[in-house]
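This report concerns only the one structure given below.
What you see is a predicted model, and the numbers here were worked out from it, not measured in a lab.
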Amino acid sequence: MNVFIYDHDTKKPEDANYFASFNYLDEECYKWSNYIYINSCDLASNYFEEATDYLSSFSGRIHNNRTIKEILSIDGLSLWWFYEISLRMNLFQYIKYKGMMANLFNNIKISLAVCDISDPVLLSAIRDFCREKRIEIKYKVKKAEWHSIKNRYQEYMNAGLTFLIDLIISRLYDQNRSAPVLIASYTNYWTRYNITKEIKKDGIFDDIQKKLDERNIRYIGLEYNNESLKNYIIARLEKRKYSKGKWLPLNTFATMKSILLSLKIYKKLNNDLSQISVSDYKDEFIQNMLIGHIKKSFFLVSEILSLRNAISLLDPKIVLTSCEYCKMGRAAMAIGNEDDLQTVALQHGIITPTHWGYIFSKSEKISRSDAVNYRPIPRYTLLYGPDYAEILTKNSIYPEKSLIITGQPRYDYLYDIIRSMDKDKFLEEKKLKHPLIVWISQFGYPQSENRSNIDAFMHLIESIPVNLYIKPHPSEIDLSIYQPLLQHKNVVLSKDINLYKLLNVCDLIITKNSTTAIEAAALNKPIIVLNLSGEPDVVDYVKEGIALGVYDKDELIPTVKRLLEDDSILRRRRNEYISRYLYKMDGSSSQRVADFLEKLL
C-alpha cells in the first residue's frame, strides 16, 4: 500500500492507494474515501516545552571539548542566542509533524510514501519518520528544490545589496558623539509600527524620546535595518527631515577592519560547525537548520562588531531597546551587560506562557558577564502590566526584581484619542459608515485557515448589512487572498490609516490573537476571536472575558449580530483586564519610562 503526501495544489499520481494533504484542504479529493486531510495533531502533547527543553540540552553538548554555544561564539557572545528562537519554532513544528505522521500511519498500513512537499520542515519530519519506521520514501520535489535554491540566492543577493548601500549612506553620518542613553531600534519601527500615520516617527520610542527631551537627557538612536532597500531609503530620508540628528544607522560604526574580521569569523564558524557529528535524526535536523543559519551569518557578525564599536565610541550609561529577542536587541543587551551598563528592554507585544522570545527552559541560567554559555537578558524589563510579571516569573527565568511595571508607552496616544477625537469628522473623512466591523488580520496562517476565514467573512457581508474594514498585518505583503471580499462595495482594505482612530470609531473588531484586541478593550470595543485553526487560542482573550470566541465559521454571523445589539456581556471584565495587563490608561506610561531611566542615571 502506498500513500501520496502533499501540502499544496499538485498533480496526483493515479496509482496511489491513499492521499494525505498537510495544511492544505484539497477540495478535489475532499469526499474521497481514501483522502485524509491533516491540519492538527495531539493537542494534549506539550510540544513547546519538549522543543524548548531539548534544544537547551542540545546547545550544551560537548563536541571536540567545546559546547555548541562555544563553537558558535564570537568575541564573548554566542550566535546560538540569535538563532535559537527560529530553531525552537522549527523543532516544535518538526516534533508536531512527526506526531501527525504517527497518527496517520496508526490508521493505515503503508510500505511506500511518495511526497510532494514545499515546507522543508514538514519534508524533514516525513523523511525521518519514514526512515525510523523503515518505510520506503520517494520525492517529487525537484522543482520545489530549485525554487528554494533560487529564493535563497535572491535573498542573499538582496541582503548584500542593501548592506552595501547602507554602508555607503552611513558614511554621511558623524559617529563622533556621545550620550548617556543609547536607543537600539529597528527601521520597521519607523515604517510599520507608526500607528498614527499623520506624523512621521519611530512608532515605539518617539513618545519616550519627547519625555527625555523635556528632561534635557541626551540620547542617540541607533537603527538596525530590517526593511527592504526601498523602505530603508525612504526611512533614512524621512528621519533626516522629521527627526534630524536623533538617529544613526548601525553601519555608521562599521569599519574596513570590522568587515574583514567578520569575513574571517564567518569562514571559521562554517568550518567548525561542519565538523560536528550527530547520532540521531532529530539532532541531524537541528544541525542542518544551524548550518543554514550560519551560511547567512556574515551580515549578523558584521552588525554585532559594528554595535560593539558603537557602544565603545558613544559611551552610554543606559542601553534601551524593544524586542530584545530580535537581532539588534539581543546584541545590545548582551554587549551592554558585558560592559556593565544599565540594559533596559520595553516589553514587545503580548507575552504568553508559550512565547518564543520570553519563555525559556527552567534549567537555563542567566549571566551578565558570560553571553556564551548563559542566556543574556536585560537587567530590567519594563512591562505593560502586573500579570505579565507573573507569567515571566512563573514560566521563565526572569528575576522578579528585574521586572518593572510602567504600562505601554504607545498607548498614551489612546488616552489622548479617548479624550479629544472627533469621531464624526474621522468617519466623514474616511467615508466610513456604521455598523463598522474592523478585521485585524495576521500572517503566517495555513492556506486552509486563510480560506476558512475568507469564506466566513464572505458569508457575513452577504447575509447582514455591515461595513467591513480589513486592516492587514504590517508584515503582510501579498494581499491577493482578500480579493474575493473586495468585490463588495461595503469592504475596504488598507494599511494606510490611523489604527487607533479606526478602532475608536468602529462598532466591533475581529482578530485571532493580535495585540490590537487589547487596544480595542482599552477603547471599550467588543471583540470576537476568530480561530478556525482547530487549535487552542494562543492568547486568553475569551477566557479572560473580554472577547467571544468563534471556532466554526457558521458561528460568526450570530456572534456578530449578538454583539452589535448588546455587548454588555463583555463590558464587566474590561476594567479589570486593563488594570492587570495595561496597568494604567492615564497617558503617563512614557513618563514612567523616562522617570525610570532618569533614576538609573
Side-chain angles (χ1 to χ4, degrees), residues 69-70 72-82 84 170 173-186 205 208-209 212 217-224 246-255 257-259 261-262 265 300-346 348 357 364-382 397-399 401-404 593-594 596-601:
K69 287 178 284 193
E70 289 170 338
L72 297 177
S73 66
I74 61 166
D75 196 19
L77 173 59
S78 179
L79 295 190
W80 174 263
W81 306 118
F82 295 85
E84 66 94 17
S170 298
Y173 291 81
D174 179 18
Q175 61 176 242
N176 296 315
R177 302 162 60 183
S178 64
V181 179
L182 174 64
I183 300 174
S185 187
Y186 303 83
F205 293 107
I208 297 169
Q209 289 174 311
L212 293 176
I217 296 175
R218 291 180 296 111
Y219 57 85
I220 292 175
L222 198 60
E223 175 192 341
Y224 169 85
K246 293 185 177 181
W247 294 100
L248 295 174
L250 176 59
N251 271 331
T252 302
F253 299 90
T255 64
K257 181 180 178 180
S258 69
I259 292 172
L261 180 57
S262 300
I265 293 171
L300 174 60
V301 173
S302 177
E303 288 150 0
I304 290 172
L305 296 182
S306 295
L307 184 57
R308 281 198 181 280
N309 289 341
I311 290 178
S312 175
L313 291 169
L314 298 175
D315 193 28
K317 301 294 184 292
I318 297 172
V319 180
L320 173 67
T321 193
S322 181
C323 197
E324 68 273 27
Y325 51 85
C326 303
K327 289 181 180 178
M328 177 72 155
R330 183 74 79 201
M333 296 298 95
I335 296 170
N337 285 343
E338 184 182 314
D339 291 350
D340 201 26
L341 305 179
Q342 302 283 8
T343 52
V344 182
L346 302 177
H348 188 77
E364 290 186 11
K365 305 296 182 184
I366 59 175
S367 171
R368 290 185 52 79
S369 58
D370 181 356
V372 174
N373 288 300
Y374 298 92
R375 181 177 291 275
I377 65 172
R379 179 175 286 189
Y380 300 104
T381 302
L382 310 188
I397 56 175
Y398 285 79
K401 64 180 181 181
S402 73
L403 304 175
I404 312 297
V593 172
F596 180 75
L597 297 177
E598 188 172 29
K599 288 178 182 178
L600 292 181
L601 292 173

Applying side-chain contact (heavy atoms from CB on, under 4.5 Å), run through Tyr219 and Ile208 and close with a yes or a no. CA-CA 11 Å; Tyr219 57 85; Ile208 297 169; over 6 Å; no

Should Leu307 and Leu222 be marked as a side-chain contact (heavy atoms from CB on, under 4.5 Å) after you check the CA-CA gap, both sets of side-chain angles, and the distance that decides it? CA-CA 9 Å; Leu307 184 57; Leu222 198 60; 3.5 Å; yes

Verdict with reasoning, Leu261 to Ile265, per side-chain contact (heavy atoms from CB on, under 4.5 Å): CA-CA 6 Å; Leu261 180 57; Ile265 293 171; 3.9 Å; yes

Does Leu320 form a side-chain contact (heavy atoms from CB on, under 4.5 Å) with Phe205? I'd like the steps, not just the answer. CA-CA 10 Å; Leu320 173 67; Phe205 293 107; 3.9 Å; yes

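Ser258 contributes no side-chain N or O that, together with a main-chain N or O of Ser306, makes up a donor-acceptor pair within less than 3.5 Å.
Considering all non-hydrogen atoms of both residues, Pro249 and Phe253 come closest at O-CD1, 4.3 Å. Counting all heavy atoms, side chain and backbone alike, Ser367 lies closest to Tyr374 at CB-CB, 3.5 Å. Minimum interatomic distance between Leu341 and Pro316 (heavy atoms only, all atoms of both residues): CD2-O, 3.3 Å. The two residues Met328 and Ser185 make their nearest non-hydrogen contact at CG-O, 3.9 Å. Smallest separation of non-hydrogen atoms from Pro180 and Ile217: CG-CG2, 4.4 Å. Residue Thr343 comes nearest to Ala332 through the heavy atom pair CG2-O, 4.4 Å, listed as atom of the first residue, atom of the second, then distance.
Screening residues 319-332 for salt bridge (Lys or Arg N to Asp or Glu O under 4.0 Å), with sequence neighbours left out, gives no hits.
We find the CZ-CG distance between Arg368 and Asn337 to be 4.0 Å, quoted to the nearest 0.5 Å. Atoms CG and OH, from Leu403 and Tyr398 in turn, are 8.0 Å apart once rounded to the nearest 0.5 Å. One finds the CD1 atom of Ile220 at 6.5 Å from the OG atom of Ser178 (value rounded to the nearest 0.5 Å). The OG atom of Ser302 sits 8.0 Å away from atom CG of Leu250, with the distance rounded to the nearest 0.5 Å. Between the CH2 atom of Trp247 and the CD atom of Gln209 there is a distance of 4.5 Å, given to the nearest 0.5 Å. Atom CG of Asn373 sits about 14.0 Å away from atom NZ of Lys365, to the nearest 0.5 Å.
Paired with Gln175 under the rule side chain to side chain contact (heavy atoms under 4.5 Å, CB included), one option of Leu314, Thr252, Asn309 passes, and it is Thr252.
Contacts of Glu364 classified as salt bridge (charged side-chain N to carboxylate O under 4.0 Å, His left out), with partners at least two apart in sequence or in another chain: Arg375. The salt bridge (charged side-chain N to carboxylate O under 4.0 Å, His left out) search around Glu338 returns Arg308, not counting sequence neighbours.
Considering only heavy atoms from C-beta on, Lys317 comes within 4.5 Å of Asp315 through its side chain. Using a 4.5 Å heavy-atom threshold, the side chains of Met333 and Val319 count as touching. Residues Leu300 and Ile304 form a side-chain contact, since some pair of their non-hydrogen atoms from C-beta on lies under 4.5 Å apart.
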